[in-house]
Amino acid sequence: MALIEVEKLSRIYHMGSERIHALEDISLKIEEGEHLSIIGSSGSGKSTLLHILGCLDRPSKGSYRFEGIEVADLDEKRLSLLRQNSIGFVFQFFHLLGRLTALGNVELPMVFGGIARSERKTRARAALESVGLAHRLNHRPDQLSGGERQRVAIARAVVMGPRILLADEPTGNLDRRSAEEIMQLLESMNSRGLTLVVVTHDPEVATRANRIIRLDDGSIVNNGDLNAPD
């Protein structure tokens, strides 16, 4: 059984009398431990698909199963638990809280998860050490470089032990050297079994994956080969 199975999924937005098809008839399987890239031009539906995979949005129609469970059947409490315990998110602009230290930012998911303070500290330190930031625990985001802020965001994303990490343009706001370091870090986590899905507009980032999905106007036009014809 695949970790994620999507069948004939669509997402339609209504703007007045107009219907916008952000995604249309998407079918996709993601295996556990896979490294998948989703590529496409701006407005192709990449981020919409990622948000649905991450249970941040719901499809207008179609099926989305996570470990065989139909996500549409989950109430808000169970959906929140799925996001909290099984899915990690990394975004282009980090989304760190400026008033908190690196340690405090990584603790946040555990605060919402009801984990005891002493355990939060221990796990947050370990997560930051795992991304090479043992020396930056007490620095705030404005005291960190872009690459370091993304490392904090990755530590926060994996501290709850998710099954899958969804990364939306994780290198888009970084210089080339920092981008390479972040991709190496994500790939090392994938090599240890974490399923990795990366949305990117950068072909160099996309081709690092084991499989590439190309979207165009909300539809999959290529499922597995970046250079195949549309």
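- The two residues Ser10 and Glu24 make their nearest non-hydrogen contact at OG-CA, 3.5 Å.
- Thr207 contributes a side-chain N or O that, together with a main-chain N or O of Pro203, makes up a donor-acceptor pair within less than 3.5 Å.
- With hydrogens and angles disregarded, no donor-acceptor distance shorter than 3.5 Å links the side chain of Thr171 to the backbone of Leu174.
- Taking the charged nitrogens against the carboxylate oxygens, Arg176 and Glu181 have no contact shorter than 4.0 Å, which rules out a salt bridge.
- Atom CG of Asp175 is surrounded by more than 12 heavy atoms from other residues, nucleotides or ligands within 6.0 Å.
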Donor-acceptor contacts under 3.5 Å from residues 120-129 side chains, at least two apart:
from: Arg120; atom 1: NE; to: Glu107; atom 2: OE1; distance (Å): 3.3
from: Arg120; atom 1: NH1; to: Ile115; atom 2: O; distance (Å): 2.9
from: Lys121; atom 1: NZ; to: Glu107; atom 2: OE2; distance (Å): 3.0
from: Thr122; atom 1: OG1; to: Ser118; atom 2: O; distance (Å): 3.2
from: Arg123; atom 1: NH1; to: Glu119; atom 2: OE2; distance (Å): 3.1
from: Arg123; atom 1: NH2; to: Val159; atom 2: O; distance (Å): 2.9

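- Inter-residue side-chain proximity for Arg211 and Glu34 is flagged as met; some heavy-atom pair is nearer than 4.5 Å.
- Remark: the Ser63 side chain and the Glu5 side chain contain no N/O donor-acceptor pair separated by less than 3.5 Å.
- When atom types are taken as modelled, the side chain of Ser37 and the backbone of Ala206 share a donor-acceptor pair closer than 3.5 angstrom.
- Formation of a donor-acceptor pair under 3.5 Å by the Lys46 side chain with backbone atoms of Gly40 is found in this model.
- Expressed to the nearest 0.5 Å, how far CG of Leu108 lies from CZ of Arg156 amounts to 7.0 Å.
- Checking side-chain atoms of Ser80 against main-chain N and O of Lys77 turns up no donor-acceptor pair under 3.5 Å.
- Both Met110 and Leu137 sit in one connected hydrophobic cluster of ILVMFWY residues. Membership requires side-chain heavy atoms under 4.5 Å apart, directly or through other members.
- Between the side chain of Glu169 and the backbone N or O of His201, at least one donor-acceptor pair lies under 3.5 Å.
- With respect to Arg208 and Glu180, a salt bridge is recorded, a charged nitrogen being found less than 4.0 Å from a carboxylate O.
- Each of Val199 and Leu185 belongs to its own hydrophobic cluster when Ile, Leu, Val, Met, Phe, Trp and Tyr are linked at side-chain heavy-atom distances under 4.5 angstrom.
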With a cut-off of 3.5 Å and sequence neighbours excluded, list every side-chain donor-acceptor pair involving residues 82-98.
from: Arg83; atom 1: NH1; to: Cys55; atom 2: O; distance (Å): 2.7
from: Asn85; atom 1: ND2; to: Leu81; atom 2: O; distance (Å): 3.2

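- Using a 4.5 Å heavy-atom cutoff, the side chains of Val198 and Ile38 are not in contact.
- Side-chain N or O atoms of Asn190 include one that pairs as donor or acceptor with a backbone N or O of Gly33 at under 3.5 Å.
- Gln150 places none of its side-chain heavy atoms less than 4.5 Å from the side chain of Val131.
- Other residues sharing the hydrophobic cluster of Tyr13, ordered by chain and number and joined by side-chain separations under 4.5 Å: Met15, Ile20.
- Leu133 pairs in a side-chain contact (heavy atoms from CB on, under 4.5 Å) with only one of the listed residues (Arg149, Arg151, His139), which is Arg151.
- Across every non-hydrogen atom of Asn138 and Gln143, the tightest pair is O-OE1, 4.3 Å.
- At a threshold of 4.5 Å between non-hydrogen side-chain atoms, the residues Ile52 and Arg11 count as touching.
- Residues Ile164 and Leu194 have side chains not in contact (no heavy-atom distance under 4.5 Å, counting atoms from C-beta outward).
- The backbone N or O of Gly104 lies less than 3.5 Å from a partner atom in the side chain of Thr101, making a donor-acceptor pair.
- Distance alone, capped at 3.5 Å, is enough to place a donor-acceptor pair between the Ser60 side chain and the Ile12 backbone.
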